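Take a look at the structure set out below.
Just so you know, ligand 1 is whichever comes first in the structure, and atom 1 is the first atom listed for that ligand. All values reported here derive from a predicted model rather than from experimental measurement.
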Amino acid sequence: MALVVQKFGGTSVADPDRMREVADHVVRTRRRGDDVVLVVSAMGKETDELLRMAGQVAKAPVGREMDMLITAGERKATALVSMALHDRGVPADSFTGSQAGFVTDTNHMNAKILEVRPDRVRQALDEGRVPVVGGSQGVSTEHNVTFFGRGGSDTTAVALANALGGVCELYTDVSGVFTTDPRVVPVARKLSSISFDEMLEMCACGCPKPAMRAVEFARTHKVPLHVRSAFTWEPGTWIDEEDAAMEQAMVSGVVGDDSEAKITITNLPDTPGIAGRLFRGLAARGVNVDMIVQNVSAGGATDISFTLPKDDLPAGREVSDGLAAELGADQVIADDGIGRVSLVGAGMKSHPGVAATVFEQLAADGINIEMISTSAIRISCIVREVDLDRAVTVLHTAFGLDAAPA
Ligand code: ADP
Ligand code: ASP
Ligand code: MG
């Protein structure tokens, strides 16, 4: 008999039919002899809807009230799923994040877990009941309701599995982690397993599933994850520590990301301390910089380009304009029409020529590369946003990732 934490994403609990299907699955799991803890997200697109409404009543809604509002989505879902379980004859109790023992810092809309004290969850399990916990939420050290941020329910599930000593299953609307987004490339292949390191690299490049924080938590605490479908219930993808049994593919996946923008400052003085001032200024405004390119100096001046989340573009632009004016740089160019294509694979470490193939393949398709960055197991290129899906498709095929025709 094992303990299984089963987390269901928004689409998996989007309506009453889906909730009844989830309840049926819990019945099947318990019949097998396992104990179940459920973690649920808000129904369908409810989080987006709540965020939109907040934006309509206030220009800059207060963090405390935002968290109270957003977490209501998950709270509603826990009660409805519990009712569906009762209806199947399964005793169940809904719990808010606070009731489930999630203590966080006071950082609203992005709260970090400080401690999990799942006493009430454990007690419910001991009484043969199914705890249904609201995802992505807790209570701060100042006793306010907090929200972990988008995708935070995955983190709730991993943290509970760790605290209770159970297996963690993340149910979603695709049947696992794919070689690339199956909605963009229909011939994407489901991976049977992938290492934490490769998964984290894919998350960092923009793969939305599972949420990056959850994967980081799972790697630190060695909690294996099973990403699988809440629609077909077939076995999905295992994310675990690298071992000999894993597919040692040269390339595991291709990730497209259209959420970044680019800023270029031209003709900056090429003297020590300039980059330090620019990126210190950006850090002070909370701007999350990804790629950075500085050109070779020509006549004592240089250009610097960097990428940042589109949402951070206004702050990034302000900081850059300020520094450019102070230093007499030529101009600041803000560009929100870029996309980033990334190739991830542990096998790259030992295979020369991967980068060359990436560049040749993009060139053969007439796709221009604007910036390049690499890690030991990743190559990323910035291209025009309009070329992004094509770039992903081309590289997916070039590296032999397309599924064989059925
Ligand atoms: P949930 O709400 O269930 O937690 P998300 O909607 O956040 O899940 O993420 C699931 C979506 O992620 C899928 O519908 C799929 O389109 C998208 N996705 C993008 N890249 C991948 C990938 N490489 N593997 C699996 N899903 C991916
Ligand atoms: N409902 C929230 C979101 O969509 C939190 C979550 O489900 O992970 O981001
Ligand atoms: Mg989601």
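At a 3.5 angstrom cut-off on N or O pairs, Gly151 counts as close to ligand 2. Checking only distances, Lys7 never comes within under 3.5 Å of ligand 2, N or O to N or O. Checking only distances, Lys7 does come within under 3.5 Å of ligand 1, N or O to N or O. When only interatomic distances are considered, the shortest N/O to N/O separation between Arg150 and ligand 2 falls below 3.5 Å.
Close contacts of ligand 1 with Gly9, meaning ligand atoms under 4.0 Å from a residue heavy atom, involve 1 (P), 2 (O), 3 (O), 4 (O). Which parts of ligand 2 touch Ser41 is read off a 4.0 Å heavy-atom cut-off, strictly below it: atoms 6 (C), 7 (O). Residue Val174 has at least one heavy-atom neighbour below 4.0 Å for each of these atoms of ligand 1: 13 (C), 14 (O), 25 (C), 26 (N). Atoms of ligand 1 lying under 4.0 Å from at least one heavy atom of Cys207, given by number and element, are 20 (N), 21 (C), 22 (C), 23 (N). Every atom of ligand 1 is numbered from 1 in the order shown, and the set under 4.0 Å from a heavy atom of Gly176 is 24 (N), 25 (C). Taking every non-hydrogen atom of Pro208 and a distance limit under 4.0 Å, the qualifying atoms of ligand 1 come out as 12 (O), 17 (C), 18 (N), 19 (C), 20 (N). Listed by number with element, the atoms of ligand 2 under 4.0 angstrom from any heavy atom of Glu74 are 1 (N), 2 (C), 5 (C), 6 (C), 7 (O). Here is the list of ligand 2 atoms found below 4.0 Å of a heavy atom in Ser153: 5 (C), 6 (C), 7 (O), 8 (O). Numbered from 1 in the order shown, with element, the atoms of ligand 1 that lie under 4.0 Å from a heavy atom of Gly10 read 2 (O).
Assignment of Ala188 to the shell around ligand 1 is not supported, since no heavy atom sits closer than 4.0 Å. Between Glu46 and ligand 2 there is no heavy-atom distance shorter than 4.0 Å. Under a 4.0 angstrom heavy-atom cut-off, Gly152 registers as being in contact with ligand 2. The shell of residues lying under 4.0 angstrom from ligand 1, judged by heavy atoms, excludes Ser12.
Paired with Glu385 under the rule salt bridge (Lys or Arg N to Asp or Glu O under 4.0 Å), one option of Lys262, Lys310, Arg390 passes, and it is Lys310.
Relative orientation of the Phe8 and Trp233 rings is perpendicular, given thresholds of 30° and 60° on the angle between their planes.
Looking only at atom types and distance, the side chain of Thr302 has no donor-acceptor partner in the side chain of Asp270 under 3.5 Å away. For the residue pair Glu198 / Ser195, a side-chain donor-acceptor distance below 3.5 Å is found, with atom types taken as modelled. Checked by atom type, the side-chain pair Ser305/Thr264 shows a donor-acceptor distance below 3.5 Å. Between Gln6 and Thr29, the side chains place a donor N or O and an acceptor N or O closer than 3.5 Å (distance only, hydrogens not considered). Defined by atom type and a distance below 3.5 Å, a donor-acceptor pair is present between the side-chain atoms of Thr232 and Glu234. With hydrogens and angles left out, the side-chain atoms of Thr172 and Arg228 include no donor and acceptor closer than 3.5 Å. For the 3.5 Å distance criterion, the side chains of Ser375 and Glu201 qualify, holding a donor opposite an acceptor. In this model, no donor atom of one side chain and acceptor atom of the other lie less than 3.5 Å apart for Ser136 and Ser153. Side chains of His226 and Thr237: no donor on one and acceptor on the other come within 3.5 Å.
In this structure, Val139 and Gln137 have side chains that are not in contact, with every pair of non-hydrogen atoms separated by 4.5 Å or more.
Among Lys190, Met202, Arg183, Met199, the residue whose heavy atom lies nearest to atom 16 (O) of ligand 1 is Arg183. Of the candidates Thr179, Asp181, Ile194, the one placing a heavy atom closest to atom 19 (C) of ligand 1 is Asp181.
Proximity of Thr172 to ligand 1, defined as any heavy-atom pair under 4.0 Å, is shared by backbone and side chain alike. Contacts with ligand 1 closer than 4.0 Å are made by no heavy atom of Leu170, backbone or side chain.
The six-membered or imidazole ring of Phe231 lies away from that of Tyr171, with a centre-to-centre distance of 6.0 Å or more.
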